[in-house]
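A, B, ... follow the sequence lines: proteins, then strands. Residue 1 opens every chain. We use all heavy atoms of the structure for the numbers below, so side chains are in, but hydrogens, waters and symmetry mates are not.
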Amino acid sequence: MAQKPSIPKGTRDFSPIEMARRNYIFDTIRGVFQNYGYQPIETPAMENLSTLMGKSGEEGDRLLFKILNSGDFLGGVRQEDIDEKNLSKITTTISEKGLRYDLTVPFARYVVQHRNEITFPFKRYQMQPVWRADRPQKGRYREFFQCDVDVIGSGSLLNEVELIRVIDAIFKKLGVNVQIRLSNRKILSGIAGLIKAPEKLTDITTAIDKLDKIGLDKVVDELLQRGLSKEQIDQVLPIIELTGNNIQKLDSLEKLIGNTNDGSAGIAEMKTVLAYFDKLNIESALEFDPSLARGLNYYTGTIVEVLAKDVKIGSVCGGGRYDNLTGVFGLPDVSGVGVSFGADRIYDVMNELSLFPDEVLHSSEIMLVNFGEKEAAYSLKVVEDLQEAGIRAELYPDAVKMKKQMSYADKKSVKFVLLIGEQEMETGKYTLKNMQTGDQITASLPELIENINA
RNA sequence: GUGGAUGUAGCUCAGCUGGUUAGAGCACUAGAUUGUGGUUCUAGGGGUCGUGGGUUCAAGUCCCAUCUUCCACCCCA
């Protein structure tokens with residue numbers, strides 16, 4: 001046997017049944033997006049590296065797939081850079097394009113580039129694959145789909161509220177129990193301000209983000225390691241140990257960091273957002289959690305992360321407000337907020353919990369058995385009539401043994417099989433077999449159609 | 001990117017301290033059933049043991065390298 005073919009690490013093929021289920025997820029998400037007034041756009045798989053680099057931190061740059069230049073890509077490389085193994089310099093010379101890492105950065109680029117055609121606030125959605133040169137794990141792929149919704153050009157907190165409602169609506173429709181964790185980047189800045197160490201903001205956030213995972217003691221260790229003093233840590237700890245409901249937590253927090261500019265602004269925003277939900281129907285658990293950090297360094301306001309309650313997997317959705325992402329492309333003072341749904345993780349969760357409805361597999365509703373040349377010619381006309389009546393119908397292409405044809409219908413979960421042999425051709429009444437019950441009836445075409453649609 | 005595990009038929013796995021033609025269940029193909037699938041019975045096909053080296057009289061079994069998948073870190077959808 002020849003060497004088996006394979007696909008690159010962290011990528012997957014999708015079978016018809018998997019596609020049916022994936023499309024069910026995409027259709028559900030798209031339906032909600034449209035229902036809330038968002039419009040689709042698409043952007044290319046590859047972007048210029050100058051667009052992608054430096055937007056999601058060093059870690060993000062490391063995870064970028066870079067595309068080798070065409071032609072004599074070595075032409076511009078200097079010998080001294082090779083000798084000194086100056087990788088970053090060589091990279092920028094031999095590669096000027098990369099695969100997109102997420103959809104938010106290309107969207108920001110799109111907004112800046114098309115600013116004169118866009119009516120703001122601009123509500124768009126985008127469902128496309130992204131690529132990351134990460135090491136694969138469960139729920140972590142090198143090629144995966146993100147479904148992003150963003151509204152850009154409006155600073156109103158109503159947008160945050162709407163996006164949380166979008167999240168709730170989608171997971172409700174899919175039947176996935178989720179917890180929605182909320183916080184605000186300004187609260188974290190307030191904490192950093194409180195201990196007079198604004199430059200430690202990232203260190204503090206990445207450390208306390210792990211609270212759920214590694215526990216309080218280890219978080220303290222990590223904070224020490226990251227250069228915070230004991231006194232500073234003592235100031236930080238009460239903040240991440242808040243108890244009570246969302247409002248109580250915010251009230252206690254206000255006493256601690258309410259005197260910092262960022263802190264009080266963040267708390268006020270959080271309170272405003274939560275207050276809207278007093279009068280709204282929302283099913284998912286909404287939890288204010290000041291230990292929520294989210295790494296992407298372009299977030300400036302509200303941050304949100306959605307976890308599946310019943311499956312241990314990374315977040316299935318996440319996002320937040322970014323006040324100046326378009327600034328790096330030359331369009332300052334445009335605030336946006338958006339969230340991204342991880343379709344592949346949602347698939348994994350639903351698969352593990354067997355949440356897919358049976359009817360997502362759209363195979364034919366009826367298959368006509370092929371008895372031979374004459375019968376097939378006759379059946380073809382019946383297939384046409386059925387299809388015109390809006391029924392998914394097919395004729396088995398070969399006049400092979402009936403057992404084989406029936407078994408084909410069974411495996412494809414075709415609901416009905418229609419038998420048109422010599423007798424049926426003479427009488428004009430066909431034999432219809434229901435594959436689920438095994439019942440058979442003899443009926444004319446209009447009666448059949450009625451029966452199938454019942 | 002760091003550390004650790006894994007890899008035997010299409011799938012899930014068995015194969016003791018290296019020893020003749022590598023096994024099971026499911027799936028597949030054919031027949032029982034010449035106009036009837038999903039159940040049952042019978043028979044059959046299919047593996048250079050991830051790949052490449054090495055040790056040995058002898059390697060699925062030991063050693064090295066490499067790739068895949070998985071787990072933790074990192075990061076995140």
Side-chain angles (χ1 to χ4, degrees), chain A residues 1-12 15 25 29 56-63 87 101-104 127-148 167 202 205-207 209-210 213-214 218 222 292-297 299 303-308 312-319 338-349 367 369-372 375 396 399-425 430-440 442:
Chain A
M1 192 172 64
Q3 179 82 47
K4 272 188 194 168
S6 62
I7 53 175
K9 185 202 298 211
T11 64
R12 295 148 301 151
S15 66
I25 292 174
I29 292 175
S56 313
E58 270 176 50
E59 188 68 21
D61 290 354
R62 207 198 79 208
L63 296 176
L87 294 184
Y101 165 97
D102 66 10
L103 298 177
T104 307
M127 312 201 298
Q128 290 190 275
V130 302
W131 295 268
R132 293 183 192 175
D134 215 341
R135 187 178 284 201
Q137 260 180 55
K138 182 186 181 186
R140 180 163 156 181
Y141 308 101
R142 291 186 138 187
E143 177 184 64
F144 60 96
F145 267 79
Q146 289 194 328
C147 306
D148 274 38
I167 292 170
T202 320
T205 56
T206 50
D209 188 39
K210 296 176 192 163
K213 216 170 188 174
I214 62 176
K218 294 243 170 96
E222 181 148 350
L292 172 65
R294 296 201 54 79
L296 290 176
N297 55 9
Y299 292 128
I303 45 183
V304 54
E305 179 172 271
V306 183
L307 300 170
K312 190 175 170 282
I313 198 166
S315 55
V316 290
C317 177
V339 295
S340 178
F341 292 79
D344 301 82
R345 282 187 182 172
I346 294 173
Y347 178 94
D348 290 341
V349 168
M367 186 202 84
V369 172
N370 187 329
F371 283 102
E375 291 90 340
Y396 195 89
V400 295
K401 258 178 296 193
M402 199 162 157
K403 181 186 167 95
K404 179 150 180 137
Q405 302 191 36
M406 294 296 290
S407 156
Y408 168 85
D410 186 46
K411 273 179 198 142
K412 270 187 80 175
S413 308
V414 176
K415 274 191 208 141
F416 296 96
V417 167
L418 192 64
L419 294 98
I420 306 179
E422 252 177 76
Q423 300 159 33
E424 286 88 349
M425 280 167 65
Y430 315 136
T431 304
L432 180 75
K433 171 159 182 159
N434 183 322
M435 294 294 278
Q436 278 149 12
T437 61
D439 298 342
Q440 275 185 210
T442 308

Would you kindly give the CZ-to-C1' distance between A/Arg345 and B/rA77, to the nearest whole Å?
5 Å

I need the A/Arg135 CZ to A/Leu63 CG distance, nearest 0.5 Å.
12.0 Å

Expressed as a whole number of angstroms, how long is the span from A/Leu418:CG to B/rG35:P?
17 Å

Would you measure the distance from the P atom in B/rU55 across to the matching atom in B/rG60 and give it in whole Å?
16 Å

Round to a whole Å and report the spacing from CD of A/Gln405 to C1' of B/rG35.
10 Å

For the side chain of A/Gln137 and the base of B/rU69, is some donor closer than 3.5 Å to an acceptor across the two?
no

If you assign each of A/Lys433 and A/Lys210 to its closest nucleotide in RNA chain B, which residue comes earlier from the 5' end?
A/Lys433

Considering only heavy side-chain atoms of A/Lys9, the closest of B/rC74, B/rU36, B/rU69 is B/rU69

C1' atom, B/rU33 versus B/rC16: distance in rounded Å?
46 Å

When the P atoms of B/rG54 and B/rC13 are compared, how many Å lie between them, rounded to an integer?
32 Å

Using purine N1 to pyrimidine N3 plus N6-O4 or O6-N4 for Watson-Crick, or N1-O2 and O6-N3 for G-U wobble, both under 3.5 Å, which nucleotide pairs with B/rG10?
B/rC26

Is A/Phe145 close to A/Asp344 at the side-chain level, that is, under 4.5 Å between some pair of heavy atoms?
yes

Ignoring hydrogens and angles, are the base of B/rA77 and the side chain of A/Arg140 linked by a donor-acceptor pair under 3.5 Å?
no

When you compare B/rU48 with B/rG52, how far apart are their P atoms, in angstrom units rounded to a whole number?
11 Å

B/rU61 versus B/rU6 - spacing of their C1' atoms, nearest Å:
16 Å

Would you say whether A/Phe144 stacks on B/rA77? The test is a distance between ring centres of less than 5.5 Å and an angle between planes of less than 30°.
yes

Watson-Crick or G-U counterpart of B/rG45, or none if no pair lies under 3.5 Å
none

With a non-hydrogen cut-off below 4.0 angstrom, is A/Cys317 in contact with a base, only sugar-phosphate, or nothing?
sugar-phosphate

Quote, to the nearest angstrom, the C1' distance that separates B/rC70 from B/rG31.
43 Å

Just so I know, are the side chains of A/Pro136 and A/Tyr141 near enough to count as touching, which here means a heavy-atom distance under 4.5 Å?
no

Checking all strands, does A/Lys218 fall into the base, sugar-phosphate, or nothing category for heavy-atom contacts under 4.0 angstrom?
nothing

base_contact_polar (B/rG35 base, A/Glu424 side chain, donor-acceptor, <3.5 Å):
yes

Figure out the CZ/P separation between A/Arg135 and B/rC73, and round it to whole Å.
14 Å

If I take atom NZ in residue A/Lys403 and atom C1' in nucleotide B/rU40, what distance separates them, rounded to the nearest angstrom?
11 Å

When you check the phosphate oxygens OP1 and OP2 of B/rG35, does a side-chain N or O of A/Gln423 lie under 4.0 Å from one of them?
no

Across the strands shown, which category fits A/Gly139 at heavy-atom distances under 4.0 angstrom: base, sugar-phosphate, nothing?
base

Over how many whole Å does the gap from A/Arg62 atom CZ to B/rC73 atom C1' extend?
11 Å

For A/Cys317, run the side chain to side chain contact (heavy atoms under 4.5 Å, CB included) check against A/Ile346, A/Val304, A/Ile167 and tell me which one passes.
A/Ile167

Between A/Asn434 and A/Phe145, who's closer to the 5' end of RNA chain B by nearest nucleotide?
A/Asn434

Short side-chain N/O contact to B/rC28 OP1/OP2 from A/Lys411, under 4.0 Å:
yes

Are A/Met367 and A/Met435 side-chain neighbours, meaning at least one heavy-atom pair lies under 4.5 Å?
no

Length of the line joining A/Phe371:CZ and B/rU36:P, which is rounded to integer Å
9 Å

Whole-angstrom distance between B/rG4 and B/rG15, as gauged at atom C1':
26 Å

I'd like to know if A/Asp410 reaches the base of B/rG37 with its side chain, counting only an N/O donor and acceptor under 3.5 Å.
yes

Are A/Lys401 and B/rG31 close enough that a side-chain N or O sits under 4.0 Å from OP1 or OP2?
yes

So, OP1 or OP2 of B/rU36: does either fall under 4.0 Å of a side-chain N or O from A/Lys404?
no

For B/rU66, give the paired nucleotide (Watson-Crick: N1-N3 plus N6-O4 or O6-N4; G-U: N1-O2 and O6-N3; both under 3.5 Å), or none.
B/rG50

Need one value for A/Gly10: base, sugar-phosphate or nothing, where a base atom within 4.0 Å counts as base even if backbone is also close, heavy atoms only.
sugar-phosphate

Side chains of A/Glu422 and A/Phe371, heavy atoms from C-beta outward: is any pair under 4.5 Å?
no

Looking only at atom P, what distance separates B/rG38 and B/rU34, rounded to whole Å?
14 Å

Over how many whole Å does the gap from A/Asp102 atom CG to B/rC76 atom P extend?
11 Å

Nearest of B/rC75, B/rA77, B/rA30 to any side-chain atom of A/Tyr141?
B/rA77

Once rounded to the nearest 0.5 Å, what's the spacing between atom CG of A/Leu419 and atom CG of A/Asn370?
11.5 Å

Do the non-hydrogen side-chain atoms of A/Lys210 and A/Glu222 ever get within less than 4.5 Å of each other?
yes

